[in-house]
Amino acid sequence: MEKIIVNSDALGIITRIKQWNNNYEVYYNLKTKKYMLYLFENKFKPSIYCLTFPYSQIDERMIEFMQKSEIQNRKAVLKDIEESNALLLKQKQKNILKQLEK
């Protein structure tokens, strides 16, 4: 996949995206002609793919799309955590009951 990093634009959209999270990087995919958002963690780990913008140009919609996606992902992660915690609690309760029966 051929992609190039986009550091700035005439509208300042890339700067505003980086203000949301300074570790975000925006790339342009030459094959699909779409912009992609990655999260750069450190020089030892490769950047993590976050999303592909459904637009072929840089504009205000990118910021709205990024924020909406981030919020939706956060809600999904929190839901997974809560479900996992509930399952662990049930398992602990079962183990306690088994120990009391002995």
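In this structure, Met66 CE and Lys68 NZ are separated by 13.5 Å, a value rounded to the nearest 0.5 Å.
For residues 89-98, the set of pairs meeting the side-chain hydrogen bond (donor to acceptor under 3.5 Å, both in side chains) definition, not counting sequence neighbours, is empty. Each side-chain hydrogen bond (donor to acceptor under 3.5 Å, both in side chains) pair with one or both residues in residues 47-59, not counting sequence neighbours, appears once here: Glu25-Ser47, Tyr49-Thr52, Asp59-Arg61.
Residues meeting the side chain to side chain donor-acceptor pair (under 3.5 Å) test with Glu41, sequence neighbours left out: Lys45. The side-chain contact (heavy atoms from CB on, under 4.5 Å) search around Ser8 returns none, not counting sequence neighbours. Evaluation of the side-chain contact (heavy atoms from CB on, under 4.5 Å) rule for Leu51 yields Leu37, Phe53, Phe65, Ser69 as partners, not counting sequence neighbours.
Following chains of ILVMFWY side-chain contacts shorter than 4.5 Å, one can reach Val26 starting from Ile4, so the two form part of one hydrophobic cluster. Phe40 and Met36 end up in different hydrophobic clusters when Ile, Leu, Val, Met, Phe, Trp and Tyr side chains are linked at under 4.5 Å.
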With a cut-off of 3.5 Å and sequence neighbours excluded, list every side-chain donor-acceptor pair involving residues 9-17.
residue : atom : partner : partner atom : Å
Asp9    : OD1  : Ile13   : N            : 3.0
Asp9    : OD1  : Ile14   : N            : 2.8
Asp9    : OD2  : Leu11   : N            : 3.0
Asp9    : OD2  : Gly12   : N            : 3.0
Asp9    : OD2  : Ile13   : N            : 3.1
Arg16   : NH1  : Glu60   : OE1          : 2.7
Arg16   : NH2  : Glu60   : OE2          : 3.2

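The shortest side-chain heavy-atom distance between Ile48 and Tyr38 does not fall under the 4.5 Å cut-off.
In this structure, Lys3 satisfies the cation-pi test against Tyr27, with its NZ or CZ atom closer than 6.0 Å to the six-membered ring centre and inside 45 degrees of the ring normal.
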